[in-house]
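The model shown is predicted, which means the values in this text are computed figures rather than measured ones. Below, chains carry the letters A, B, ... as their sequence lines are ordered, and counting in each starts from 1.
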Amino acid sequence: MTIFKTIHAVVSTAVDEAAKSGALVLNAAAPTFVVEPPREAAHGDLATNVAMVLAKVAGKPPCAVAEILKPLLEQNPDITGVEIAGPGFINLKLQPKIWQQEIQEILKSGIHYGDSTIGNRLKVNVEYVSANPTGPMHAGHVRGAVIGDTLTHLLAKAGYDVTREYYFNDAGTQVDVLARTTYLRYREALGENIGEIPDGFYPGEYLKDVGVTLAQRDGKKWMDKDESEWLVPIRNFAVDYMMRMIRDDLDLIGIKHDVFTNERELIENGTLEKAFKILEDKGLIYVGTLPPPKGKVMEDWEPAPLTLFRSSKFGDSTDRPLKKRDGNWAYIMPDIAYHYNKIQRGFMLMINMLGTDHGGYLERMRPVVAAFSDDKAHLNVVYNNIVKIFKNGEPVKLSKRSGNLITLREMVEQVGAGAVRFFMLTRDPKSPLDFDFAKVVEQTRDNPVFYVQYAHARCCSILRHASEIFPVNEITAEALAKTDVSGITSPDELLLIKFMANWSRVVEAAATAQEPHRIAFYLMELAALFHGLWHKGNDNASLRFIVPDDKNLTRTRITLIKAVQTVIQSGLAVMGCPPLEELRNERPEEAA
RNA sequence: GUGCCCGUAGCUCAGUUGGAUAGAGCAGCUGCCUUCUAAGCAGCAGGUCACAGGUUCGAAUCCUGUCGGGCACGCCA
């Protein structure tokens, strides 16, 4: 139970009492109200808009409603002040004790501090990365991968039952191209001069290894065979190889999917046919002719009767063809089957991470989910904008053709996995992001990765110093959780606690909005508050956390530091960034 | 032409789902600081929240329209 929920219940009870006594006459159910920290610390500890939202149903102006509630709230021993302000806010001041107790709560919960149950164990599937198995992970994949993975941790922390999923297409022409290129590299590995990689093949160097590995396994077995003989086995070999490579790459930044689903399986085990049949049975399939797309000149447009899915019934702008003119499945059919498969597995919420260049996906797929689940399951797409790579302040042009790819491996090797992950979360997903190799490792205030990690390292440092004063068993989280912290009374310290008490609210809001970047911003703010407090001790030694001639005070303040360290760790855990205990070693040597 | 997203300080961006006087960092100006871990701290200045209407106690946030930018829009995979 968070402080906010406790006080919300108190306010709610006050409303009930006022209604029971006749002081407040409600002509309808009371609308929901909030108890939250006010924007201005000067307004008190907590603020509620209850009087304003009640004004209409009570038939009184907000301030009058507030006046009625005020004496009732004042009876609560935890509340030391009630003020009516502005358009009808009720500002509350609480006993410092309430905030001090929060420190103990943090230490007891450890990294689980901030966990929430709003997810109600709802089964949610988050599909992310889902790159097709034709090459290594590169810069273009990383942002969506990190956002998706962080979202899974966030949802889990908020009480959802999360499955991490990866879907790949292994039945289209892309994997055939992969197979043919592999075959070329295989011949190369056996000593043949293959010259330039021709058009229509993948040029990347990384496929050389696949060819070599295949040659090692199979020798000259395929050299004089016809494509019809080698295509399938080599394709399988190459797809497996690529998927292993991708998984190794993802492992570098701590991403592990629970489930891998592939297109070919959905086709071969009949899921696709079954999905179509179900839509047919629901009367959602018909043969018809679509009008030509509007606003775009289509020279070769010829109207023709096609097998259509009545998706317009579910909010789509048009019905969609499921079969091509030649009778083959249209390209969306495997995706439809895939979503049918997810619903079969019981997911009530499905979230797909996609690049912003997949614009119309949600509009096409939502009707599918609605149709299969009778509108019970929901699909959402989190779109992420592009990443622009900078080196030495210069933008790096990326092109697959020229082989100028920045790989995930390269990024991790240069700046570290934690930094890559953190930096990818420093923008709203919808905004473009500049990833500057120099900036990510810069040790300055305006590098958020450094700033937050430094706050953590500083906490560690202080605790190390404390271990010289206290026996180790006295400064464990368990021991400190029992410390008397009534000595924490300065406004700055209380402000820090109040901010930490928000952690659970941030988790809930970020999970609900499916916006993991909010975690990064929260940590940046927490770090700023903490650094600010540290610097006060710079000017005034009595404000330092370690006060050598006052053990009790030191113990009290160490407890606060332990709490800060814990909340930072809790946040970094959601982001998948390992907390650093020391930054010293990473500091570049200054030139003499 | 249609749909989605974006437009907030000179620059890069937040903005707790409709709350009180719109916030950070950088750059600029003014002072400090040489350390419980150093790579800084405090303050000042900076705004028609693209524009115009509307909704209500209250709008950067919701609705309509306009302007500007990005992306997506066939049976292509």
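- The same atom, C1', is picked in B:rA9 and in B:rG65; the two are 28 Å apart, to the nearest Å.
- Distances shorter than 4.0 Å separate none of the side-chain N or O atoms of A:Lys430 from OP1 or OP2 on B:rG70.
- A:Arg320 comes within 4.0 angstrom of no nucleic acid atom, judged by non-hydrogen atoms across all strands.
- Within 4.0 Å of A:Gln514, counting heavy atoms only, lies no atom of the nucleic acid at all.
- For A:Asn49, taking side-chain heavy atoms from C-beta onward, the closest of the listed nucleotides B:rA14, B:rG40, B:rG19 is B:rG19.
- Residue A:Thr426 is out of contact with every strand shown, counting any heavy-atom pair closer than 4.0 Å.
- Between A:Glu474 and A:Arg555 a salt bridge is recorded (basic side-chain N to carboxylate O distance below 4.0 Å).
- Residue ring and nucleobase are stacked for A:Trp534 and B:rC36, with a centre distance beneath 5.5 angstrom and an angle between planes beneath 30°.
- In this model, a donor atom of one side chain and an acceptor atom of the other lie less than 3.5 Å apart for A:Arg445 and A:Tyr451.
- Considering only the side chain of A:Ala330, B:rC76 comes nearest among B:rU37, B:rC76, B:rU16.
- Between A:Ser461 and the phosphate of B:rU37, there is a side-chain N or O to OP1/OP2 separation shorter than 4.0 Å.
- Taking only side-chain atoms of A:Thr356, from C-beta outward, the nucleotide of B:rU16, B:rC71, B:rU37 with the closest atom is B:rC71.
- Here the nucleotide nearest the side chain of A:Arg518, chosen from B:rA14, B:rC36, B:rG15, is B:rG15.
- Between A:Lys5 and A:Glu508, at least one side-chain N (NZ, or NE/NH1/NH2) sits under 4.0 Å from a carboxylate O, which counts as a salt bridge.
- A salt bridge does not link A:Lys498 to A:Glu102: none of the charged nitrogens lies less than 4.0 Å from a carboxylate oxygen.
- Of the N and O atoms on the side chains of A:His531 and A:Arg458, at least one donor lies less than 3.5 Å from an acceptor on the other residue.
- A salt bridge does not link A:Asp436 with A:Lys391: none of the charged nitrogens is closer than 4.0 Å to a carboxylate oxygen.
- For a distance-only test at 3.5 Å, the side chain of A:Arg544 fails to qualify as a donor-acceptor partner of the base of B:rC36.
- Looking at the side chain of A:Glu582, the nearest of the listed nucleotides B:rU37, B:rC36, B:rA77 is B:rU37.
- Because its glycosidic torsion is within 90° of 0, B:rU17 is reported here as syn.
- Counting only heavy atoms from C-beta on, A:Phe521 has its side chain closest to B:rC13 among B:rC36, B:rC13, B:rC76.
- Among the atoms of the strands shown, base atoms are found under 4.0 Å from some heavy atom of A:Arg325.
- Regarding contacts with the backbone of B:rG3, every side-chain N or O of A:Arg364 stays at 4.0 angstrom or more from both OP1 and OP2.
- If you check every strand for non-hydrogen atoms under 4.0 Å, A:Arg445 touches sugar and phosphate atoms only.
- OP1 or OP2 of B:rU37 has at least one side-chain nitrogen or oxygen of A:His465 nearer than 4.0 Å.
- A:Asn169 and A:Gln174 are not linked by any side-chain donor-acceptor pair at a separation below 3.5 angstrom, with hydrogens and angles left out of the test.
- Under 4.0 angstrom from either OP1 or OP2 of B:rG15 there lies at least one side-chain N or O belonging to A:His517.
- The phosphate of B:rA14 (OP1 or OP2) has a side-chain N or O of A:Ser431 nearer than 4.0 angstrom.
- No hydrogens or angles considered: a donor-acceptor pair under 3.5 Å links the side chains of A:Ser570 and A:Lys157.
- Residue ring and nucleobase are not stacked for A:Tyr454 and B:rA39 under a centre distance beneath 5.5 angstrom and an angle between planes beneath 30°.
- Donor-acceptor pairing under 3.5 Å, judged by distance alone, is present between the side chain of A:Asn91 and the base of B:rA20.
- Residues A:Arg518 and A:Glu515 are paired through a salt bridge, judged by an N-O separation under 4.0 Å between the basic side chain and the carboxylate.
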Show me the protein contacts with nucleotides 54-65 of chain B, counting only N or O atoms at under 3.5 Å.
none

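- A:Ala510 comes within 4.0 angstrom of no nucleic acid atom, judged by non-hydrogen atoms across all strands.
- A donor atom on one side chain and an acceptor atom on the other are not found under 3.5 Å apart for A:Ser431 and A:Asn385.
- The nucleotide whose nearest atom lies closest to any side-chain atom of A:Glu40 is, among B:rC75, B:rC26, B:rU21, B:rU21.
- The residue A:Gly537 sits apart from the nucleic acid: no heavy atom pair falls under 4.0 Å.
- Minimum atom distance to the side chain of A:Arg427 is reached by B:rA14, of the listed B:rA72, B:rA14, B:rC75.
- Candidate nucleotides B:rC76, B:rU17, B:rA39 were compared by shortest atom distance to the side chain of A:Gln443, and B:rA39 ranks first.
- Salt bridge A:Asp316/A:Arg364: absent, no basic N to carboxylate O contact under 4.0 Å.
- For B:rA72, the base is not stacked against the aromatic ring of A:His358, per a cut-off of 5.5 Å between centres and 30° between planes.
- Atom CG in A:Asn385 sits about 12 Å away from atom P in B:rG7, given to the nearest Å.
- A stem is defined here as three or more consecutive Watson-Crick or G-U pairs, each with both distances under 3.5 Å; for RNA chain B these stems are B:1-7 with B:67-73, B:10-13 with B:23-26, B:28-32 with B:40-44, B:50-54 with B:62-66.
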